[in-house]
Amino acid sequence: MAKLNEKIKRTHYCGQLRESDVGSEVGLMGWIQTRRDLGGIIFLDLRDRSGICQVVINPEHSEAFEIAEEIRSEYVVAVKGKVALRPEENVNPKIPTGFVEIICEQLVILNKSKTPPFPIEDNINVDESVRLKYRYLDLRRPRMLNNILFRNRVNKAIRDFLAENGFIEVETPMLTRSTPEGARDYLVPSRVNPGSFYALPQSPQLFKQILMVAGIERYYQIARCFRDEDLRADRQPEFTQLDMEMSFVEVDDVISLNEKLIKYIVEQASGRKVDIPFRRLTYKEAMEKYGTDKPDLRFGMEMVNVSDIASQSDFKVFADAVKDGGIVKGINIQKGGQIFSRRQIDELVEKAKELGSKGMAWINLTPEGVKSPIAKFFTEDKMNELLVRMDAKTNDLLIFMADTDANKVLSTMGQMRLHLGKTLGLMKKDALEFLWVTEFPLLEYSEEEKRFVAMHHPFTSPMDEDIPLLDQDPSRVRAKAYDIVLNGTELGGGSIRIHSSSLQQKMFEVLGFTEERAKSNFGFLLQAFEYGTPPHGGIAYGLDRMVMLLQGLDSIRDCIAFPKTQNAMCLMTGAPAEVEPRQLRDLHLKVTI
RNA sequence: GGCCCAGUAGUUCAGUUGGUUUAGAACGCCAGCCUGUCACGUUGGAGGUCGAGGGUUCGAAUCCCUUCUGGGUCGCCA
């Protein structure tokens, strides 16, 4: 094995060679994708970060030829040779470099490789655990490399845009204090302070607010965050947020700046156009029309409230639901009567029950007239009124759900809408339907804790006109909070914060914090707020999710270089692992299992 | 914590009514031949504690129990 650069200097990247390079003397370095040994002539496909090109070794160069006979997959080699145009009949149109090849003059093996456990190529079907164990090989695959490169472009676009707009990147501590509320913390024992623990940040929330008090005015950070909860395809225990905060802003300022940011990111990283401003829905509208706070707007099928008409029918299920304070909602599946057979409609009814509904009524508006098990309960007038309300046209299929629990109807119907969207192929993967959801409730009642908890977090500002309701009816207070939704997935969320220490104390009061507890957990924030806090607000994005969605991936694991498994383990390093007793002693810890 | 799916050569899988099986195939790997391949071809070869442990049985990859691992999902994720 020769020293690097002893004989060959790298002059080009494999994937960039074109017909215009024909005749030039090049030095290439990379990995062997494949060797095709025809006996009297050997072809090597050489791969580097940029792509693949073919190297030809003729027997005239006996030294190189002997070396080429030894070469195996994933050997690291250096090649010196001349770029030549391939004879017409030997062009490979499948690769960008397929018109040319390197006539090898010198070949050096820089390093050997064991046979990889799986082929380094796209479209492999290999168990993810094998890929994770050999992540360094998995990342060599073009598709994975492309995800990493894409993510890098997203990060660069973020930094370029925010720097251009006066934002300052500030790092905040990873070792911080545990706070109540929210997810389970990852704890780090302190050696110097026996019995005390740091927590890894769930988000830099408090620090970024303090930075506003500090006069930074515009902050951002691509921040690693930690939550010790169970994993999912779109959830890892450590993940990355694009976190930002601005002073002297209201909701619309944050939203409009972020629309420009997202437009810039998508255009720079993907080269795709994005129209702004995005659509907006209030939380209430979203729930009433789509049954969720993160509607997928790639398709319509909005829910329609028909409680008033339904209550006047003789159909007991409808009438009773409304009478007992519930609602009846319908969805018009356009041309559904042509798409769904009677048997498939029955399957939809089954699906509705699976989703938690007591049942599902339907009306099929066939060219011959109304066909429906519930038609007999409606007078002709009421049926017509219902059809008009549902905007029903011939061949449309209308479905209805009713319950005394209005929220249950909304959520079940919302899930049914998603099921229909999926079944009917309406969720186009390449669509980008951004949406702001605004005016979230400030609080929600926790049955488990028998008290109000913050829906977003305890520092979210109520809407000015709702502040009086804090005392009267906390459940009705709306917040200056907003979520950004993409294709039915929550991309990020934020709010205008409370900047008055008295309002903040009031908020803790409503949340049932004693004064001592508020002081001990958040005293530093309350104290900071007493020293001239500017009005401020911000937003945080799940960056892994953003990359996943923009790249059309099914899991954030595919855009994280070294992700963890569902058991929160790293199959490559074996983390987490036991430690030496000495380390535990230093930390004053005793393991009890 | 609950539910569901999957663990058999390096990889992807077949084999599961318990016994003609010495557990097969493809790709990969190794060796020979081959001067225009690019899924090279061709001839031959090696390679397995059937995830682990226990049980039932004359006999277990196959049935039962426990457990581990990977994935999905509900709970959880301010």
Side-chain angles (χ1 to χ4, degrees), chain A residues 33-47 52-60 65 69 72-74 84 86-95 97-99 101 103 113-121 123-134 137 179-185 202-203 205-206 225-237 239 354-356 415 440-444 446 448-449 451-460 479 481 490 493-495 507 511 513 521-522 540 542 545 554-555 557 563-569 571 574:
Chain A
Q33 182 68 36
T34 48
R35 182 188 65 142
R36 290 181 294 279
D37 184 349
L38 275 62
I41 186 169
I42 298 174
F43 296 97
L44 300 175
D45 283 346
L46 187 64
R47 184 193 71 239
I52 282 178
C53 70
Q54 175 166 278
V55 178
V56 188
I57 299 102
N58 289 304
E60 295 86 77
F65 198 84
E69 285 182 313
R72 295 293 182 270
S73 287
E74 299 307 310
R86 293 204 201 183
E88 203 179 323
E89 65 273 20
N90 293 329
V91 163
N92 183 356
K94 290 182 210 158
I95 55 174
T97 60
F99 285 96
E101 61 192 0
I103 309 300
S113 169
K114 289 173 75 173
T115 303
F118 52 86
I120 310 301
E121 60 194 37
N123 302 317
I124 55 169
N125 173 23
V126 180
D127 198 273
E128 196 168 350
S129 60
V130 179
R131 290 174 48 204
L132 288 175
K133 182 173 177 189
Y134 299 95
L137 299 180
T179 52
E181 310 270 298
R184 196 176 292 111
D185 282 321
Q202 295 182 25
S203 82
Q205 183 61 37
L206 296 173
C225 304
F226 306 85
R227 293 178 188 177
D228 188 2
E229 300 290 350
D230 285 350
L231 293 84
R232 288 287 188 283
D234 61 356
R235 258 163 47 189
Q236 286 269 308
F239 62 102
E354 234 173 80
L355 293 173
Q415 289 177 69
F440 274 81
L442 183 70
L443 305 157
E444 57 188 341
S446 163
E448 195 182 328
E449 300 187 45
R451 66 174 179 96
F452 282 101
V453 296
M455 191 149 174
H456 186 47
H457 56 55
F459 318 106
T460 302
E490 183 193 329
S495 62
M507 183 71 178
L511 290 173
F513 279 57
N521 285 306
F522 302 109
R545 267 186 207 179
D554 294 322
S555 163
R557 291 190 298 274
K564 305 223 168 8
T565 68
Q566 197 160 63
N567 277 340
M569 295 204 293
L571 294 183

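Just so we're clear, the structure is a prediction, and the values are computed from it rather than from any experiment. Residue numbers start from 1 in every chain, and the chains themselves are labelled A, B, ... in the order their sequence lines are given, proteins ahead of strands. Below, each value reflects all heavy atoms present in this structure, side chains not excepted, and no hydrogens, waters or symmetry copies.
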Which value, in whole Å, describes the distance between the [atom1] atoms of nucleotides [N] and [M]?
N: B:C4; M: B:G44; atom1: P; result: 48 Å
N: B:G10; M: B:C30; atom1: C1'; result: 13 Å
N: B:C5; M: B:C58; atom1: P; result: 32 Å
N: B:U21; M: B:A60; atom1: C1'; result: 13 Å
N: B:U20; M: B:U16; atom1: P; result: 12 Å
N: B:U8; M: B:G48; atom1: P; result: 15 Å
N: B:G53; M: B:G7; atom1: C1'; result: 16 Å
N: B:C50; M: B:C63; atom1: P; result: 15 Å

Less than 3.5 Å between a donor and an acceptor, one on the side chain of A:Glu229 and one on the base of B:G75, is that the case here?
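Answer no: no donor N or O sits under 3.5 Å from an acceptor.
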When we call it a touch if two heavy atoms are under 4.0 Å apart, what does [X] touch: a base, just sugar-phosphate, or nothing?
X: A:Gln33; answer: nothing
X: A:Val126; answer: sugar-phosphate
X: A:Ile124; answer: nothing
X: A:Asn567; answer: sugar-phosphate
X: A:Asn125; answer: sugar-phosphate
X: A:Asp230; answer: base
X: A:Ser203; answer: base
X: A:Pro119; answer: nothing

What is the distance from [atom1] of [X] to [atom2] of [N], rounded to the nearest Å?
X: A:Leu231; N: B:C74; atom1: CG; atom2: P; value: 14 Å
X: A:Arg35; N: B:G28; atom1: CZ; atom2: C1'; value: 14 Å
X: A:Arg235; N: B:G72; atom1: CZ; atom2: C1'; value: 13 Å
X: A:Glu89; N: B:C38; atom1: CD; atom2: C1'; value: 14 Å
X: A:Glu60; N: B:U35; atom1: CD; atom2: C1'; value: 9 Å
X: A:Leu137; N: B:G28; atom1: CG; atom2: P; value: 18 Å
X: A:Gln54; N: B:A39; atom1: CD; atom2: P; value: 10 Å
X: A:Lys564; N: B:U69; atom1: NZ; atom2: P; value: 16 Å

side-chain N/O A:Arg557 vs B:G72 OP1/OP2, d < 4.0 Å
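Answer is yes, contact under 4.0 Å.
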Side chain of [X]: nearest nucleotide among [options]?
X: A:Phe43; options: B:C77, B:G72, B:U37; value: B:U37
X: A:Arg227; options: B:G70, B:C77, B:U35; value: B:C77
X: A:Asn90; options: B:G10, B:C76, B:C38; value: B:C38
X: A:Lys94; options: B:G72, B:G36, B:A39; value: B:A39
X: A:Gln566; options: B:C38, B:U73, B:G70; value: B:U73
X: A:Arg72; options: B:C30, B:U12, B:U35; value: B:C30
X: A:Leu132; options: B:C40, B:C38, B:G71; value: B:G71
X: A:Thr565; options: B:U37, B:G71, B:U69; value: B:G71
X: A:Met569; options: B:U69, B:C38, B:G71; value: B:U69
X: A:Ser73; options: B:G70, B:C29, B:C76; value: B:C29

Hey, which sits more toward the 5' end of RNA chain B by its nearest nucleotide, A:Glu444 or A:Val130?
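On the 5' side of the pair lies A:Val130.
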Toward the 5' end of RNA chain B, which comes first, A:Arg232 or A:Arg545, by nearest nucleotide?
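By nearest-heavy-atom nucleotide position, the 5'-most residue is A:Arg232.
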Please report the interatomic distance CZ(A:Arg184) to CD(A:Glu229), rounded to the nearest 0.5 Å.
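A:Arg184 CZ to A:Glu229 CD: 4.5 Å, rounded to 0.5 Å.
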Does A:Phe118 lie flat on the base of B:U11, that is, centres under 5.5 Å apart and planes under 30° off?
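Here the ring of A:Phe118 and the base of B:U11 are not stacked, as the 5.5 Å and 30° limits are not both satisfied.
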Check step by step if side-chain contact (heavy atoms from CB on, under 4.5 Å) holds for A:Arg36 and A:Asp45.
CA-CA 8 Å; A:Arg36 290 181 294 279; A:Asp45 283 346; 3.0 Å; yes
Does the structure show a Watson-Crick or G-U wobble partner for B:A6, both distances under 3.5 Å? Name it, or say none.
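Its partner is B:U69 (Watson-Crick or G-U wobble, both distances under 3.5 Å).
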Partner lookup for B:U11, please. Criteria are Watson-Crick or G-U wobble with both distances under 3.5 angstrom; report none if nothing qualifies.
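Check on B:U11: paired to B:A26, both distances under 3.5 Å.
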Residue pair [X] / [Y], side-chain heavy-atom distance below 4.5 Å:
X: A:His457; Y: A:Ser495; value: yes
X: A:Asn92; Y: A:Gln54; value: no
X: A:Thr565; Y: A:Ser129; value: no
X: A:Glu74; Y: A:Lys114; value: no
X: A:Arg227; Y: A:Phe239; value: yes

Could you tell me if the ring centre of A:Phe459 sits under 6.0 Å from that of A:Phe522?
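Yes, the ring centres sit under 6.0 Å apart.
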Got more than 12 heavy atoms from elsewhere within 6.0 Å of CZ, A:Phe99?
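No.
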